[in-house]
Amino acid sequence: MNVLVIGGTGTTGSLLAKLLPHARVGTRKPVRDGQVRFDWDVPATFGTALDGVDRVYLIPPVGVADPAPVVESFLVRARLVRRVVLLSSSAVPESATGMGALPALVRTMPEWAVLRPSWFMQNFTGDHAVAAGVRDGEIVTATGDGRIGFVDAADIAAVAARALTDPLPHNTDHLITGPEALSYADAAAIITELTGRPVAHRSVSTEELTGRLATWLPPEFAVILAKLDEDIRGGAEDRVTSTVLDVTGRPPRSFRDFFRGFLS
Ligand SMILES: NC(=O)c1ccc[n+]([C@@H]2O[C@H](COP(=O)([O-])OP(=O)(O)OC[C@H]3O[C@@H](n4cnc5c(N)ncnc54)[C@H](OP(=O)(O)O)[C@@H]3O)[C@@H](O)[C@H]2O)c1
C-alpha cells in the first residue's frame, strides 16, 4: 500500500507520518526524502503527489471558505486511490457547501473514513491563540463553563493509521474525543498545578471574542470561530466517545498526561 499524507508536516499529519514511515509526506516545501510537493493552491502538483498512491490522508485546504471544488477536482484526479481518510471536525455538520460538503465527496471513493475529532490538546501548546493565553497566564474564550472532549492529536493520528491500513475499510464517521470533557477553567487549573504558574480562564461574550479574533484573522473566520465557542458554551462539545479505544485498542491520553508530556 502506498499512502499520501496531505498536511504531513502539520499537527496530526506529522504524527501519522511517524506511524507510517513509508508514507509519502505532502508539503508545499519538500526538503527531505519521502516528501513530495503538494499545494492545494497549485493543482499541477496533484499528479506527481498521487503517482502510485492508493490511499490518502486528506487534510482540506486550511482557511478556505469553500474547499469542496478543489477537493473534488483532486479526488477526480485520484483515480487509482482506493481509500481516503478525511480529517474533518466534530464541530462541522454536513452541508451543501463549505467544510461540511467534504464528507459526501469522500464517500464517493471505494473505501473511506471521516475523522471528526473534538478540539486538539495541542491548541494549548505551540502557535495557537489558546497557547498564547497559557503563556500570558490568561486564556480568553467565549465558552463560559462549557466543556470539551479535548483530544491528543497523537490519538487522532493513531485512529487515522488504522483507518488507512486496516484490511477492512472503516467506511464510517469516527467522532474522536479524549477520555474526559473539560472546561477551559478545568484545563487551566491542571496547567497551573503542573507548572506552578497561575493560568486562568476568562470567558467573554461572543461579540467581544469576535472583535478580538478579527484583529488578526479575516472577519468572516473570526465570526465562525467565535460562534464555535458559543456552541461550546451551550454544551455542543460536552461529550466523550470510546472511538480511540475501539479503533486502536488502547485508551486516549488524558489532558493531564498530555501536558505533563509537553513539559518534560
Ligand atoms: N485545532 C483543533 O482543535 C481542530 C479540531 C478539529 C479539527 N481540526 C482540523 O484540523 C485541520 C488542521 O489543523 P491544524 O490547525 O492543526 O493544521 P496543521 O495540520 O498543523 O497544518 C496545516 C498543514 O497543512 C499544510 N498546508 C497548509 N497550506 C497548504 C496548502 N495550500 N496546500 C497543501 N498543504 C498545505 C501544511 O504543510 P506545509 O506548510 O508543509 O505545506 C501543514 O502540514 C483543520 O482542517 C481543522 O479543521 C482542528
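Whatever order the structure lists ligands and atoms in, that order sets their numbers, starting from 1.
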Self-check item: L194, CG atom: more than 12 neighbouring heavy atoms under 6.0 Å
Solution: yes
Exercise. Please identify which atoms of ligand 1 are closer than 4.0 Å to at least one heavy atom of G7.
Key: 23 (C), 24 (O), 43 (O)
Quiz item: Side-chain contact, heavy-atom cut-off 4.5 Å: L75 with L58?
Solution: yes
Quiz item: Side chains of S73 and F46: closer than 4.5 Å at any heavy-atom pair?
Solution: yes
Quiz prompt | Nitrogen or oxygen of W40 less than 3.5 angstrom from that of ligand 1 | solution = yes
Quiz prompt | Is_contact(atom 27 (C) of ligand 1), protein non-hydrogen, under 4.0 Å | solution = yes
Quiz item: Got an N/O contact under 3.5 Å between H128 and ligand 1?
Solution: no
Practice problem: Ignoring angles and geometry beyond distance, decide whether M99 reaches within less than 3.5 Å of ligand 1 through its nitrogen or oxygen atoms. | Solution: no
Quiz item: So, D186 and S183: side-chain donor and acceptor under 3.5 Å apart, yes or no?
Solution: yes
Quiz item: Do you know which of T243, I176, D173 makes side chain to side chain contact (heavy atoms under 4.5 Å, CB included) with R116?
Solution: D173
Quiz item: Got Y57 and L20 here, is their nearest side-chain heavy-atom distance under 4.5 Å?
Solution: no
Quiz item: Which ligand 1 atoms are under 4.0 Å away from a heavy-atom of G10?
Solution: 18 (P), 19 (O), 20 (O), 21 (O), 42 (C), 43 (O)
Exercise. Could you list the atoms of ligand 1 found under 4.0 angstrom from a heavy atom of T27?
Key: 38 (P), 40 (O), 41 (O)
Quiz prompt | Numbered atoms and elements of ligand 1 in range of P117, under 4.0 angstrom, heavy atoms | solution = 6 (C)
Quiz item: Would a search of protein heavy atoms around atom 43 (O) of ligand 1 find one under 4.0 Å away?
Solution: yes
Quiz item: Considering only heavy atoms, does S118 approach ligand 1 within less than 4.0 Å through its side chain, its backbone, both, or neither?
Solution: backbone
Exercise. Output yes when D229 and R233 qualify as a salt bridge under the 4.0 Å nitrogen-oxygen rule, no when they do not.
Key: no
Quiz item: Counting both backbone and side chain atoms, is some N or O of V62 under 3.5 Å from an N or O of ligand 1?
Solution: no
Quiz item: Just wondering, do P103 and W112 contact through their side chains at under 4.5 Å, heavy atoms?
Solution: no
Quiz item: Nearest protein heavy atom to atom 46 (C) of ligand 1: under 4.0 Å?
Solution: no
Quiz item: Going by the atom numbers of ligand 1, which of them fall below 4.0 Å from some non-hydrogen atom of L87?
Solution: 9 (C), 10 (O), 11 (C)
Practice problem: Please confirm whether N123 comes within less than 3.5 Å of ligand 1 when only nitrogen or oxygen atoms on both sides are compared. | Solution: yes
Quiz prompt | Side-chain H-bond candidate by donor/acceptor type, T206 with E230, under 3.5 Å | solution = yes
Quiz item: Taking distance alone, with no angle check, do K29 and ligand 1 share an N/O pair under 3.5 Å?
Solution: no
Quiz prompt | Pairwise side-chain contact, T165 with L19, heavy-atom cut-off 4.5 Å (strictly under) | solution = no
Quiz item: What part of Q122, side chain from CB on, backbone N/CA/C/O, both or neither, has a heavy atom under 4.0 Å from ligand 1?
Solution: neither
Practice problem: Please tell me if the side chains of V134 and T195 come closer than 4.5 Å, counting only heavy atoms from C-beta onward. | Solution: no
Quiz item: Against heavy atoms of D41, which atoms of ligand 1 measure under 4.0 Å?
Solution: 31 (N)
Quiz prompt | Proximity of S88 to ligand 1 by residue part, where a heavy atom lies under 4.0 Å | solution = backbone
